[in-house]
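Working notes, beginning with the structure itself.
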There are 2 protein chains.
Amino acid sequence: MYRRRDTRREQLVAEITNNLRRYAVDAQQVGHAFANLHGLNPTDLQALIAVMDAELLGDPITPGRLGEQLNLSSGSVTALIDRLERAGHIRRDRDTVDRRKVLLHYADQGAALAMQFFQPLGARTDTVMARFGEDELEVVHRFMAEMSESLRGHRDAVRAARPESPRRPTG
Amino acid sequence: MYRRRDTRREQLVAEITNNLRRYAVDAQQVGHAFANLHGLNPTDLQALIAVMDAELLGDPITPGRLGEQLNLSSGSVTALIDRLERAGHIRRDRDTVDRRKVLLHYADQGAALAMQFFQPLGARTDTVMARFGEDELEVVHRFMAEMSESLRGHRDAVRAARPESPRRPTG
DNA sequence: CTGGATAATCTCGGCTATCAAGATACTCGG
DNA sequence: CCGAGTATCTTGATAGCCGAGATTATCCAG
């Protein structure tokens, strides 16, 4: 996080790292603040976005997969979906093929909220990007794609790790 | 979030936006997973990082300012600091000038944990950056700096908004 | 010294997450 | 068709975190 900056290159690496970290922290706080503003909690917002994401890709998410994405237990996911459904943000549908499964779809209220979340953010993002040439955006794109993939690998590694001193003996 | 991609430029903008969003989500999940792994919760980890950050910049943070950063009430901050202190991650010091104030310093245990958090991440980050030339990193740096600043502005705007009466006169 | 403001802590209630057990539906062998 | 085994989701009980308001200690103005 704080490293020596002997050369210009090292300085750049250090500052970019710091900016990425701050960006992540700030993004989290945006989510927190926005959720509070609308009577949700951060988990609910994350879930709502995940539901929209999956559905817009044509592959509605199930409670099980949602729990994997958010790292929640199955019981917590049920409670989470109950809250979101009660608030009118999403709705449950049984899968017609495998009726054990529940497919989650966003409702109008949820879509409106997600739009409200992304639009102002997108506007700011576009404003910044307008100050960059297409060739520059190519570089940024390559960078972000690789960085994003790298972070996902890191996340999976951390998740795969097991606690050093478990509360309960292995059993 | 999902926009048309008529031109190459619009495609780039769309994909970069998606990557930024995914990066933020994944970063949050890394924090979540890492915190779980070490018996903390995400807030604790955020606080620990904030404490280190402030102290390394030579300006130790107080509970009050920590609460502002994390958007927590004063009572929650006290409980948070109690947990971190009990776990040996940080310690309290009274300010000698204004003895109402408490200054937070990280303890060895906290520093070790933060290192454990950032080192593997930094290694991956460096690997990615090694694949970019110095001129390319200049572009990325400019981009991230502006994007980071823009997001901070957005965060403050969302925080400034009020839940029930968004257009409340004064106070 | 008195009164008001600021900083942190304490106490209590609500809400969320985890864990364990249960209910329903699918799969497969006989 | 029938039953055992498995997968998916839900329910109920418990623990821990967060927010709001009251309380204590300190600073500052006069």
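Below, chains carry the letters A, B, ... as their sequence lines are ordered, and counting in each starts from 1. Because the structure is predicted, anything quoted here is derived from the model rather than measured.
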Checklist entry - Looking at D:dA7, C:dA5, C:dA8, which one has an atom nearest to any side-chain atom of A:Arg100? => result D:dA7

Nearest whole angstrom, please: distance from the [atom2] of [N] to the [atom1] of [X].
X	N	atom1	atom2	value
A:Leu84	C:dA17	CG	P	10 Å
B:Lys101	C:dT9	NZ	P	14 Å
A:Asn36	D:dG19	CG	P	7 Å
A:Glu85	D:dC9	CD	P	14 Å
B:Asn41	C:dT18	CG	C1'	14 Å
A:Arg94	D:dC9	CZ	C1'	7 Å
A:Leu45	C:dT16	CG	P	14 Å
B:Asp98	D:dC28	CG	P	6 Å

Checklist entry - Would you say the side chain of B:His89 lies within less than 4.5 Å of the side chain of B:Arg83, judging by non-hydrogen atoms? => result no

Next on the checklist: With nearest nucleotide decided by heavy atoms, which residue, A:Arg65 or B:Val97, maps closer to the 5′ end of DNA chain D?
Outcome noted: A:Arg65

Next on the checklist: Listing request: all ring pair (Phe, Tyr, Trp, His ring centres under 6.0 Å) pairs with a residue in residues 25-77 of chain A, at least two apart in sequence or in separate chains.
Outcome noted: A:Phe34-A:His38, A:Phe34-A:Phe117

Donor-acceptor pair, side chain of [X] and main chain of [Y], under 3.5 angstrom:
X	Y	value
A:Gln69	A:Ala50	no
A:Ser76	A:Leu72	no
B:Glu68	B:Arg65	no

Checklist entry - For DNA chain D, which residues in residues 66-79 of chain A have a heavy atom at a distance below 4.0 Å? => result A:Ser74, A:Gly75, A:Thr78

Checklist entry - Is it true that A:Leu12 and B:Met129 fall in one hydrophobic cluster, defined by side-chain heavy atoms closer than 4.5 Å? => result yes

Next on the checklist: Nearest 0.5 angstrom please: A:Leu151 CG to A:Met147 CE, how far?
Outcome noted: 9.0 Å

Checklist entry - Reckon B:Thr62 has a side-chain N or O less than 4.0 Å from the OP1 or OP2 of C:dA7? => result no

Next on the checklist: If you compare every side-chain N and O of B:Arg99 against the phosphate oxygens of D:dC28 (OP1, OP2), does one of them come in below 4.0 Å?
Outcome noted: no

Next on the checklist: Please classify the nucleic acid contact of A:Arg92 as base, sugar-phosphate, or nothing, using heavy-atom distances under 4.0 Å.
Outcome noted: sugar-phosphate

